[in-house]
There are 2 protein chains.
Amino acid sequence: MSSTHTYSKKSQSLTKNQRIVLDLLQNSGEPLKAYFILDSLKKEGLNSPLQVYRALDKLVELGKIHKIESINSFIICNNSNCASNTAFTICERCGKVKEIKNKYLTDGVSDLVKDNQLEITRYNLEFYVLCKSCKIN
Amino acid sequence: MSSTHTYSKKSQSLTKNQRIVLDLLQNSGEPLKAYFILDSLKKEGLNSPLQVYRALDKLVELGKIHKIESINSFIICNNSNCASNTAFTICERCGKVKEIKNKYLTDGVSDLVKDNQLEITRYNLEFYVLCKSCKIN
DNA sequence: CTCTAAGTGTTATATTATTACGTACGTAAT
DNA sequence: ATTACGTACGTAATAATATAACACTTAGAG
């Protein structure tokens, strides 16, 4: 028999602010900066940096987005279940960022580090590259 | 034939500001923040953030120090020849940072990434860990 | 000596992020 | 139904991090 409740738990769903920030990042697909997000969502009712940062913090915690530390930007997560371990390439010339999905890579890194007798709780890998189109032109 | 010039390049020696910033990081061994460095070196004649950032930028470029992006801090380089590729562990509990020197790790990462058909120009890896003493206590 | 690249010193300002405080609201225990 | 609690919200103020612009100086190559 199913629950008599017809509504889902609050903890399963995002709040309005979290939702609109996530949607923006989702639609963009690119890394966005906090204050850009703020400007973009002024019309949705976001008025202060803190509202943005709180939403971003929560979304990072949930693994729905990632922070790219070296450019102070946030990007939608392309994978599933990578709340703690992330890897990106960033083109040095055009700035394009991609999340590295290759399981071989991330597993391999984990193994290498484990061999080094470290207890890893999470990691963030940022590879600066020359992307294909920038390599050509 | 080789050049007839006997270079004693300027690039071999650091300027005063670069020197005192490097010395501070060397003596500290810990990651330091730019404004902490500024405060610490007021007595040596550093008066503005820009003086610190310029010295830091140059030292990073020379590979003598590294920036740890996720904590906006700078640390003396423990290796040699790692201007472009760096890897750190950061303890989640006590904040202690160590540069990973294990050649096996960095070579391994390079290989993994090459297999992934990326042309890497440099990378920065930040592993959050529980360090030995924090694991015990 | 002269030219040039790199560095300096200073002021002002831009960018990124957090503290502090009070309010609102959903959930679970009483 | 009332209370207590945890989480999120809104707002103002401010802290922390980093760069722009400008004029001047210095070191080294030629």
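Letters A, B, ... are given to chains in the order of the sequence lines, protein chains preceding strands, and every chain is numbered from 1.
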Can you tell me how far P of D:dA18 sits from CZ of B:Phe74, to the nearest Å? 6 Å
Return no unless some side-chain N or O of [X] is found under 4.0 Å from OP1 or OP2 of [N].
X	N	answer
B:Lys67	D:dA18	yes
A:Asn72	C:dA17	yes
B:Thr15	D:dT26	no
B:Lys33	D:dT17	yes
A:Lys58	D:dA8	yes

Donor/acceptor link under 3.5 angstrom from B:Tyr35 side chain onto base of D:dA18: yes
Using five base pairs at each end, measure the axis-to-axis angle across the helix from C:dC1-D:dG30 to C:dT30-D:dA1 and round it to 10 degrees.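 End axes: 40° apart.
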Among [options], the nucleotide that comes nearest once only the side chain of [X] is considered:
X	options	answer
B:Tyr53	D:dA8, C:dA17, D:dA18	D:dA18
B:Gln51	C:dG7, C:dT10, D:dA8	C:dT10
A:Arg54	D:dA18, C:dT10, D:dG10	D:dG10

Could you give the distance from CD (A:Glu44) to CG (A:Leu24), rounded to the nearest 0.5 Å? 9.0 Å
Run B:Thr89 and B:Tyr128 through side chain to side chain donor-acceptor pair (under 3.5 Å) and show every step you take. CA-CA 6 Å; B:Thr89 59; B:Tyr128 283 80; over 6 Å; no
Near DNA chain D, which residues from residues 39-49 of chain A have a heavy atom under 4.0 Å away?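 Of all residues in residues 39-49 of chain A, the ones placing a heavy atom under 4.0 Å from DNA chain D are A:Asn47, A:Ser48.
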Lys/Arg-Asp/Glu bridge criterion (N-O < 4.0 Å) met for A:Arg122, B:Glu92: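 So A:Arg122 pairs with B:Glu92 through a salt bridge.
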